[in-house]
Each structure stands twice: as C-alpha cells, then as structure tokens.
Amino acid sequence: MKTIDKLIQEAIVLTVIGACWGDEGKGKVIDFIAPFFDFVARFSGGANAGHTVFFENDQGLLKKVVTHLIPSGIAQGKPCVIGPGVFFDIESFLGELTELRSVVGKENMPPIIIDQNCAVRTPYHTILENWLEAVRGSNAINTTGKAIGPMAGLDALRIGIRLKDLFSSRKQLSAKLSYLHKSLEPILNEMVYRFDTEVPDLCQVSKELTKLAQRISDFVTDSSAYLRKEMKNGAKVLAEGAQAYWLDRVYGTYPYVSSGTSTNLGAPQGLGIAPKLCNKTIIVAKALPTRVGGGPFPSEIWDRKLAEMFPKSNKHLFGPGTEIAREKFLSKTLRKINAGSASKMEMSTYFQVLGDERGATTGRGRSVGYADWVMLKKAVETTGADAIALTRFDMLTGLHQIPVVTKHFGYFGEDSFANLDSVTVGFDRLNGWEDDIDNMQDWNFLPQQGRDYVLQMENFIGGDVPVGLIGTGPSREGLIVR
Ligand code: IMP
C-alpha cells in the first residue's frame, strides 16, 4: 500500500504543515488529499497566508484564486472551518468570499464555519504593527502587514478583541475597545505625531466592527464543538497549516517568525480537538526553499532585499505573456550554471524565474536557497511527521549537479541550531538529470538520479519518514504518489 493511502486511511485528523519558511505548495497537497476528508480546517496563521488554488468551471477551464483565510480545501468543495487558533480579519475574509462566490457561484459555495473565539483585527492592531516595524528600523521583521503579531500579542496580554465580542452588547464591546485603546494610547499618539497617522476614534471603530460582524454572523459559531460532534459520527478532518516550521513562533528563527503555531502542535489547540485524535502529519518541503521578510536562511543563494525586488524590476521575466523572454533567460542561465560560470545572482534569479517565486499575499520576490537537509531533519524530528511531500522537484531538471546542505558549521559547533544567523553550511553534490519529468506521475519513470536523490534524502533524515508525494509540475496532475 502506498504511504499516502495508508496515512489517509489511518488518519482521524491529518495535519499538513510546511517544513521551510512557507510557500512550499501546501495548497497543492491539500488539494490532492481533501477529497478523502469531510472537513478542511485552518488552525493557525491568518490573512498572512496565501494559498493558490484552482477551480474548474463548466467548460473545464481552471480559474486561479488565492485564498488567505479560507482553507484551500474549498477548491475541492469541502466544508471549511476556521478554528479558534486563527487570527481573523473580517475585511480580508469578505474580500475572499466575494471572489470565491464570483468564481464558484454563491449557490455552489461549500459551508464555511468560523470560530467565535478567533482573535480579530481592529485598526489599532494595524497601527501597532506599523509602530513595531518602524521601531525596529533596519531590523524590521518585514511582516506581511496583516497585524498577526499584534493580534497574537494583545491576545496574550488579555486586551485583544475576539470575534464573539463583536456580537456582545455595544456597551460591552465599547468597554473592551476602550481598554485596548487606553493601553495603546502613548503609541497611538506617537504615530499621529511622528508619522501623521490617522487614528480612528473609538466610537467609529466600534460601529464599523459591529457592522462588519453582522455581515459574517451566519458563519460564526463554536467550531470546536461542531467538529467534535461531527467527528463522533465518524467525520475525518484535514487540518491545514499556514506558514511553516521555521516561521513558528517557538521553534522558528525567532524573532523573524510569524506569531502563531505553524507546526502540527497547533492543530489540537487551534481547532479544539484532542491531541490524541490529531494522529497523522504530512510535512511539505520545497525542493528549493524560499524566504521573504527578514531573518536567517543559511542556504540562501543571493541577497534577500535584491531578490525581493527582482520581479518588480524584471517584469519581462514574470507572469503571462513573458514566455519567450523567460525561455531565453532560463536556457542561457542554465548553461552558465552547468559550466560553473554563473554568479550567485544568476543562480538565484534562475530559480526565481523558473519557479515564478513571488509572494501570493505581498507580491514580493522570494529569495531562493538550496535544499537544507539538516534543517529539514530538525523539522521532521520535532513534529514527528509521518511523511514528507517534496514539492517542485521538476525545478531541479537540467542541473548537472544538485547541491544539498548536509552540514551546518556554527559558533556552537557542527549541527548546532543555537546561532542560525551565523552558521555556514556544507554541501553534498548529487548527480542531476536531463530528462523532462514535467507532470510525471509514476515513480518508476523518474530518472535513476531523481530516485537516488529522494532515497538519499530519506536516508539522511533517518530512513523512517518516507517521501510520499513528489511534485512534478504546477497542475493538479503533476504529482507522484508513492
Ligand atoms: P507576519 O506573519 O505577517 O507577522 O510576518 C512574519 C514573517 O513571516 C515575515 O517574514 C513574513 O514574510 C513571513 N510570513 C508570514 N506568512 C507567510 C507565508 O504564508 N509565506 C511566507 N512567509 C510568510
């Protein structure tokens, strides 16, 4: 029996998480697995996530939609849950809903349930995020600007606003907002003084939030109780992670992390389901990891800031209508890489253009690095993942040699994680392949070098966590199931 079939069969709750710094293609894995589950549920993150999903219309044409808060499992027509661990943004949700309804048709939309306990964004959260980033100056986290940190932080300080507060009496909501406002007053005043920021008054905020809340009232309930009841009747849940292991607030590259729980440890808490029921995990690793924002990335090829700007200053290489220029750039640069004469910039931009590495939420260019098996091993071990999904494997085609990181040399010694921003990395170079593997579905048809790559990776990680899915192209079909 194939690894993935066995996992699907045995799972009560199957959690899908990222292994790197996000953008691993979790949406594609979810899309493949969702048909075998009754619910798809988000347990962490917020509108900072961006999952690209495809809907088929009546004529069989695929329409691309980027979801941020709504689980990407919606594309498979599954009922979706936004659990209490999610940082909620009403305006963002309404925008997504409108877009999805226009593609799918209002009457065909699967049910969506939002938990009443979700922390919710107010304009004050956004002002606080701008303040915190400004104070950091050149060390800014470079967040997605969705106020995730303030939602998590103010919630922990017990001055946050929860979704259910927006359905309480005007008096109760005003009291909570007033407490939040008072706590932030010195910062709000500074923002007016130093950055000429407009700070909305309490009454206005309260009115607007209440009005927005009314527009989503049909979706809001106690999602944990709802899911538990359904699970008693045998329902299976696919828990959809956001961000990734190295962006997790506890285990990631702190402080350059997101503020939620991006590992599978967040699924029980962020959904309100007993840990013993969250029994299977797939971790999704990109063949060439990427990062946006600040923070360490030991196997990064080039320069974060320049990589982030590259797509904007090279529009002729990205997006529809650029195929000829892209092809020319890619074949010329690949020849240089294989001849050993490519600069770091050329190597990085080759992968950036090949993978169209631009953020789904922010549009920033993603900086690319080589596969780092040391970091992947750490993520697999900490999360106890049952299988790995290796995405974008087709991006390696054509390289004569494929560098993979198998050593970290750090201040605290080899393989230390104490000081990720100052480690240097050691590479193994694996043999590459020439044959086209685009959209390949059969493991046995992969070139020998491709199969060797996967087997060596499994071996490095410990030999007991199989690579169960291998991405071989952007479409639904481009997947090897092992
Ligand atoms: P925040 O989650 O907006 O607070 O951003 C914190 C860090 O996480 C920043 O470096 C973001 O670029 C990064 N980040 C958050 N969500 C994602 C994601 O879905 N993909 C990639 N990076 C993300």
Side-chain angles (χ1 to χ4, degrees), residues 16-30 42-53 66-72 85-89 92 96 119 121 125-136 138-156 240-263 266 270 284-286 288-297 300 304-305 307-309 311 352 355-369 391-392 420-421:
V16 176
I17 52 168
C20 316
W21 286 277
D23 309 319
E24 293 90 355
K26 295 182 283 295
K28 180 169 168 157
V29 174
I30 305 263
R42 273 280 300 274
F43 59 87
S44 182
N48 52 349
H51 293 148
T52 308
V53 291
V66 178
T67 63
H68 299 283
L69 276 161
I70 298 175
S72 59
V86 173
F87 305 111
F88 197 75
D89 185 321
S92 182
E96 270 175 67
R121 185 186 68 79
H125 289 79
T126 303
I127 295 172
L128 177 60
E129 172 146 75
N130 293 340
W131 167 258
L132 294 170
E133 285 287 84
V135 166
R136 280 188 169 270
S138 61
N139 293 320
I141 309 285
N142 251 315
T143 70
T144 57
K146 305 294 176 186
I148 304 299
M151 276 192 266
L154 297 176
D155 193 72
E240 174 172 327
Q243 290 76 51
Y245 181 84
W246 290 103
L247 281 176
D248 180 83
R249 185 174 56 77
V250 177
Y251 300 100
T253 50
Y254 187 87
Y256 294 96
V257 292
S258 194
S259 300
T261 304
S262 330
T263 71
V284 187
K286 226 172 172 175
L288 293 154
T290 54
R291 181 156 204 180
V292 287
F297 184 0
E300 186 166 33
R304 190 80 44 87
K305 285 254 162 354
E308 283 195 0
M309 287 179 327
Q352 214 179 3
D356 194 8
E357 295 290 4
R358 293 175 295 163
T361 302
T362 59
R364 289 181 292 194
R366 300 174 185 144
S367 188
V368 187
T391 53
R392 299 197 162 210
L420 266 183
D421 39 7

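Sequence positions, counted from 1, serve as the residue numbers for this chain. Atoms within each ligand, like the ligands themselves, are counted from 1 in listed order.
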Q: Quick one: does Glu129 get an N or O within less than 3.5 Å of an N or O on ligand 1?
A: no

Q: First locate atom OG of Ser258, then atom CH2 of Trp21, and finally report the distance between them rounded to the nearest 0.5 Å.
A: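 Separation between the atoms: 15.0 Å.
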
Q: Between Cys20 and Ala285, which heavy-atom pair has the shortest distance, and what is it?
A: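 So the minimum-distance heavy-atom pair works out to SG-CA, 4.2 Å.
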
Q: Does an N or O anywhere in Lys146 fall below 3.5 Å from an N or O of ligand 1?
A: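 N/O-N/O distance under 3.5 Å: no.
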
Q: Can you sort out which atoms of ligand 1 are near Val257, meaning under 4.0 Å from one of its heavy atoms?
A: 6 (C), 7 (C)

Q: Within the 4.0 Å heavy-atom shell around Asn142, which atoms of ligand 1 are there?
A: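 Counting atoms of ligand 1 from 1, those under 4.0 Å from Asn142 are 9 (C), 10 (O), 11 (C), 12 (O).
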
Q: In a check of side-chain contact (heavy atoms from CB on, under 4.5 Å) between His125 and each of Asn130, Asp155, Leu154, which one passes?
A: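 It is Leu154; the other options fail the test.
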
Q: Can you list the ligand 1 atoms lying under 4.0 Å from a non-hydrogen atom of Ala49?
A: 19 (O)

Q: Identify, with sequence neighbours excluded, every residue that meets side-chain contact (heavy atoms from CB on, under 4.5 Å) alongside Pro296.
A: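 Per chain and number, Pro296 pairs via side-chain contact (heavy atoms from CB on, under 4.5 Å) with Thr253, Tyr256, Arg291, Leu420, Asp421.
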
Q: What atoms in ligand 1 come closer than 4.0 Å to a heavy atom of Ser258?
A: 1 (P), 2 (O), 6 (C)

Q: With the side chain counted from C-beta on, respond yes when Ser92 and Arg121 share a heavy-atom pair under 4.5 Å apart, and no when they do not.
A: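 Not touching, per the 4.5 Å side-chain cut-off.
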
Q: If you take the nearest heavy atom of each of Thr290, Thr253, Leu247, which one is closest to atom 14 (N) of ligand 1?
A: Leu247

Q: Salt bridge or not for Asp89 and Lys146, using N-O below 4.0 Å?
A: no

Q: Would you please name every residue forming a side-chain contact (heavy atoms from CB on, under 4.5 Å) with Leu132, sequence neighbours left out?
A: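 Listed in chain order: Leu128.
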
Q: Looking only at heavy atoms of Arg364, does any of them come nearer than 4.0 Å to an atom of ligand 1?
A: yes

Q: Relative to the heavy atoms of Val292, which atoms of ligand 1 are at a distance of less than 4.0 Å?
A: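 Listed by number with element, the hits are 10 (O), 12 (O), 21 (C), 22 (N).
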
Q: If you count the atoms of ligand 1 from 1 in the order shown, which ones are under 4.0 Å from a heavy atom of Trp21?
A: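 It comes down to these atoms of ligand 1: 21 (C), 22 (N).
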
Q: Does any N or O of ligand 1 fall below 3.5 Å from an N or O anywhere on Asp23, backbone included?
A: yes

Q: Please check whether Thr143 reaches ligand 1 - meaning an N/O of the residue sits under 3.5 Å from an N/O of the ligand, judged on distance alone.
A: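 Between Thr143 and ligand 1 (N or O atoms, distance only) the closest approach is not under 3.5 Å.
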
Q: I'd like to check which ligand 1 atoms, numbered from 1 as shown, lie under 4.0 Å from a non-hydrogen atom of Gly293.
A: 10 (O)

Q: Ring-plane angle category for Tyr251 and Tyr245, please: parallel below 30°, perpendicular beyond 60°, tilted otherwise.
A: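 Tyr251 vs Tyr245 ring planes: parallel.
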
Q: Should the heavy atoms of other residues, nucleotides or ligands under 6.0 Å from CZ of Arg249 be counted, would the total exceed 12?
A: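 No, the 6.0 Å shell around CZ holds no more than 12 heavy atoms from other groups.
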
